[in-house]
Each structure stands twice: as C-alpha cells, then as structure tokens.
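Structure record follows, encoded as structure tokens.
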Number of protein chains: 2
Amino acid sequence: MDTTQRTDQQRSADRRRRELLEAADRVVLRDGPGASMNAIAAEAGITKPILYRHFGDKGGLYAALAKRHTDALLEALRAALDAPAERRERVEATLDTYLAAIEARPQVYRFLMHPAEGGQPGDAGFDVGKASAPVLRRMGEELAEVIEERVDLGPGSQQLARVWGHGIVGMMHAAGDWWLGERPCTRAELVRSLADLLWGRLAAAGDRVGGPGF
Amino acid sequence: MDTTQRTDQQRSADRRRRELLEAADRVVLRDGPGASMNAIAAEAGITKPILYRHFGDKGGLYAALAKRHTDALLEALRAALDAPAERRERVEATLDTYLAAIEARPQVYRFLMHPAEGGQPGDAGFDVGKASAPVLRRMGEELAEVIEERVDLGPGSQQLARVWGHGIVGMMHAAGDWWLGERPCTRAELVRSLADLLWGRLAAAGDRVGGPGF
DNA sequence: GACTCCAGTTACCGCAAGTAACAGTTTAGT
DNA sequence: ACTAAACTGTTACTTGCGGTAACTGGAGTC
C-alpha cells in the first residue's frame, strides 16, 4: 500500500474516467442532451452502476462533461481576449471565436447551454440561477475580470465591469443562438453588427420619421 | 348540433382550460418547473388524463402556460417601449420593467427561462434553438421590430435591427439572471450600467495603465 | 490458501409521462 | 319516454429512466 501503488490505482481510475467521459461525449453528441445513463454506459462498454461510482449521479457526469468543453472554450476565448491588438479588434476577435466555436460544434453548444435540468421536484426552494447554464456565468465573470483589469472605468469600476461582463456575454449568447438557428447573415456580419452595438451606434443613430425614436 | 350549442360547449371547454391553467400556474409556482402532471391534476381537483385531453402532453401544457406569462410580460414591455420619452429614457424604462418583473416573480421567470426540456432521446436531430426558451426569441423579434421602425440605421437596417434586438434582449436577460442570483446592486444601478453599456461607454473608456485595454 | 479490494454485473425500487378501458351525466334525435 | 351519442371523469396499467442493493469474479497481499 505504498505511494506508487496508490498512484497506479489513481492513474488507472483517472484513465477510466477519461474514457468514460469520452464515451459520454460521443453519446451526448449523437443523442442530444437527453441521452440516458444506460446509453452512455453501453457506449462505454459497461453498465450503469459504474458510471454512478465514478460520477455520483447524472448531474455529476454532466458537470464533468460540461467542465471539459467549457474549459476548452474559455481557453480559446482568453487567447482572443489577450491578443495584442486594440480594443475593438479584440472584441471582434472574441465574438468571432465564440461564434466560430458554436458554429463548428452546435451539439456541444446545445449541451452546454441547455443541460435539461431534470431536478427532482422534491428539491429545495428556487435558487434562481443555480441550475442555469454555468458556462455563461463563468464567461461573464472572466470577461468582467478582463474588463476591470484593462479598462479605466472610474469609481465603481468593479461592479460596472461585472454587469458589463455578464451583459456582453448574454448579448453574444442570445445573438449567437438566434443566428445559429436562422443563419440570417454571415458570421463576419454578425460580429460587426454586435461590435457596432457595443460601440454605441444605437445611441448615435438618428430617429426615423415621425416622432422620437426608440 | 347548431352553432349556439357548439359555442356553449366550446365556451365551457375554454373556461375549463383556463381553470386548469390557473391550477397549473399555482403548482408550478410552488413546486418549480419540475412539477409533475399528477401534482397539477391534483391541484385542479381532477386526474391526469384530463390534462392530457386538454393539452396533449406536458410540453403542450407548459407551452400554454408560458404563452400566458410571455404575453403579459410582452405587454408590459411594449408599454415601456412606446412611452412618450426620448430614447435613453425608453431604454431605461424597458430594462427596468423587465427587471422589475423578474424581481417580483422569480418563480415565473425561472419557469419561463428554464423550462427543463424533457425531450425523449428518440427525437429528431438537433434543431438548435427550437427547444430553447421561446420567450427570449419573441422578445428579441419584437424589439427588433421596434428598433427597425423607429431608428434610422441606414442600409441593411433590418438585419442590423434584428441582431440588435436579440443581442439586447440577451444582454438584459443574462445580466438580470446574474443580478437576481447575487443581488450585487440595486435595480436602478443595474439599469444605469446596462444603459451605459449600450450607450458606448465601453468604447469611450480609456485604457488602464500598462498596455492596450480590452 | 484465506483475506481483502476492486471492477463489474444482474435485478430491483421509485417515480413520472403517457395511455387504455371503463363509468356517469348531460344533450340530441326519433 | 328511450336510445344514442358526446363529454367528463375515473382507475389501472405500461414504459422508461434515474438510482441503488446485493452479488460475482479476479487481482494482489499476508
């Protein structure tokens, strides 16, 4: 029962866990977010209880799965966010990176954003936002950090940055979701339109004929 | 089987339907989005099959329920959007109306935004966005209409307005969701911060010390 | 060789969606 | 008045999923 022994076991368990996650990934990508534990186990060549031993419950498995993809996505976003360029270019690069990601793998995106809850009704009260897609939260928080650290916002900058972080992420997400469903324009056009919005073009635009505009 | 007769029946059915929806409303508000059909039927003083006769399946019931609340919310938003004031004031009024609504009835909000899917795995392919919360889509579309109709955006205005409609709604939604969970500031502060964001303050702000800002 | 772990299995429980088949009651037709 | 439809409601069932208990076989350890 010395250290190497234990490390071996742990390594084996970790490898197994990765294999299971990869199998789960395949199934979720094939069957959608409603994929059953049985299906995942079958894909991995084993049976349900093993999944439960590794991940506790379905939420655990999905959380682990989501973490993988979220980490990957955040990595890509960070790169775009930290690129050496001026602000507008960075914003556009970040938007484009996100949109390219959801465009390339819509199933992954769908899984991350609409995890299909499934919470038993016997659960506790309404912890609003707790069951919501945590991906957006993480993205919002990270963006807030970058903003607060890079942009000079005067007093109350931290709160402002957080609001903006979550707001911008939400804008990106909603616009991306809609765009992915309808494909009304190219990705570049979408990026440009959103950046224009953030650059205050709504405030700068004139009214249309007939009274005060929106 | 003349017309009046049939109308009577239809009226009765409609009344029943409303009663059922109100019962469902109570249960969903009490038990959360995972409320079971049995529970709803019990609250209405009847049993499951009747619910199924009226609404087809759980999705139908939830859709009907969501439509009610969505209509009410959109009504309120339209009022704020059409108020006689200048643009910035309207934007703030609209944001505040939305936030006040979700603040007043977080359970309703939660139900509308996170309907807990539940789609059987045997379903068709990934119609991304189809199962997504339709509330946001409707809000986005309506806002787009208002923008396109009131603001002079030059060529390509329709597409731009739609992108902005969905983007702004998403911003409002995400920021509201986060705010409702953490309550980091007052509603008025949040409204102001978001309006500032839309008014291009991010673009106008200076860089912080040490290199180009975000 | 007996002992202990561990991966893995089968077989089950509870619960919720959805359905089939049956029963009471009002309404229409003759 | 008597039957037939149509509507409302019920009980009792099937199916399928999440989750668990209890057993089984094989690896290493004393």
Side-chain angles (χ1 to χ4, degrees), chain A residues 1-21 23-24 27-28 31-65 115-123 131, chain B residues 1-20 23-24 27-28 30-65 115-123 131:
Chain A
M1 215 206 252
D2 66 332
T3 344
T4 44
Q5 203 80 345
R6 242 184 115 191
T7 315
D8 273 10
Q9 280 176 194
Q10 204 148 320
R11 267 192 194 166
S12 163
D14 280 11
R15 249 192 49 208
R16 202 79 183 97
R17 187 187 165 92
R18 260 199 303 277
E19 289 173 18
L20 297 186
L21 275 177
V27 176
V28 166
D31 296 352
S36 82
M37 294 296 268
N38 256 328
I40 294 172
E43 170 73 27
I46 49 147
T47 50
K48 265 197 303 180
I50 303 183
L51 282 182
Y52 284 95
R53 279 224 256 275
H54 273 269
F55 300 102
D57 63 351
K58 192 174 188 174
L61 204 180
Y62 274 41
L65 209 51
E117 305 211 359
Q120 286 286 87
D123 270 354
Chain B
M1 214 209 256
D2 67 329
T3 343
T4 45
Q5 205 79 349
R6 238 184 119 192
T7 315
D8 271 11
Q9 281 175 190
Q10 205 149 319
R11 268 192 195 169
S12 163
D14 279 11
R15 249 191 49 207
R16 202 82 183 95
R17 187 187 165 93
R18 260 199 302 278
E19 288 172 18
L20 296 185
V27 175
V28 166
R30 169 163 34 85
D31 295 354
S36 82
M37 293 298 267
N38 255 327
I40 294 173
E43 171 72 27
I46 50 151
T47 49
K48 263 195 303 178
I50 304 185
L51 281 182
Y52 283 96
R53 281 226 258 273
H54 273 269
F55 301 103
D57 63 351
K58 191 172 189 175
L61 204 182
Y62 275 41
L65 208 52
E117 302 211 0
Q120 284 288 85
D123 270 354

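In what follows, chains carry the letters A, B, and so on, assigned in the order in which the sequence lines appear, proteins first and then strands, with residues in each chain numbered from 1.
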>> Applying a 4.0 Å non-hydrogen cut-off, can you work out what A/Arg16 is touching in the nucleic acid: base, sugar-phosphate, or nothing?
In response: sugar-phosphate
> Checking all strands, does B/Ile46 fall into the base, sugar-phosphate, or nothing category for heavy-atom contacts under 4.0 angstrom?
Replying inline: sugar-phosphate
>> Can a donor-acceptor pair be found, under 3.5 Å and without considering hydrogens, that links the side chain of B/Tyr52 to the backbone of B/Lys58?
In response: no
Nucleotide of [options] approaching [X] most closely (side-chain heavy atoms):
X: A/Arg53; options: C/dA7, D/dT10, C/dG18; answer: C/dA7
X: B/Lys48; options: C/dA17, D/dG18, D/dT20; answer: C/dA17
X: B/Pro49; options: C/dG18, C/dA20, D/dG19; answer: C/dA20
X: B/Lys58; options: C/dG18, C/dG8, D/dG9; answer: C/dG18
X: A/Asp57; options: D/dA21, C/dA17, D/dG19; answer: D/dG19

Any side-chain heavy atom of [X] sitting closer than 4.5 Å to one from [Y]?
X: A/Glu19; Y: A/Asp14; value: no
X: A/Pro49; Y: A/Leu51; value: no
X: B/Asp31; Y: B/Ile40; value: no

>> I need the CD1-P distance between A/Ile50 and D/dG18, as an integer number of Å.
In response: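 These atoms are roughly 16 Å apart.
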> Separation of A/Leu51 atom CG from D/dG18 atom P, in whole Å?
Replying inline: 10 Å
> Can you check whether B/Thr47 has a side-chain N or O nearer than 4.0 Å to OP1 or OP2 of D/dG9?
Replying inline: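 No, outside the criterion.
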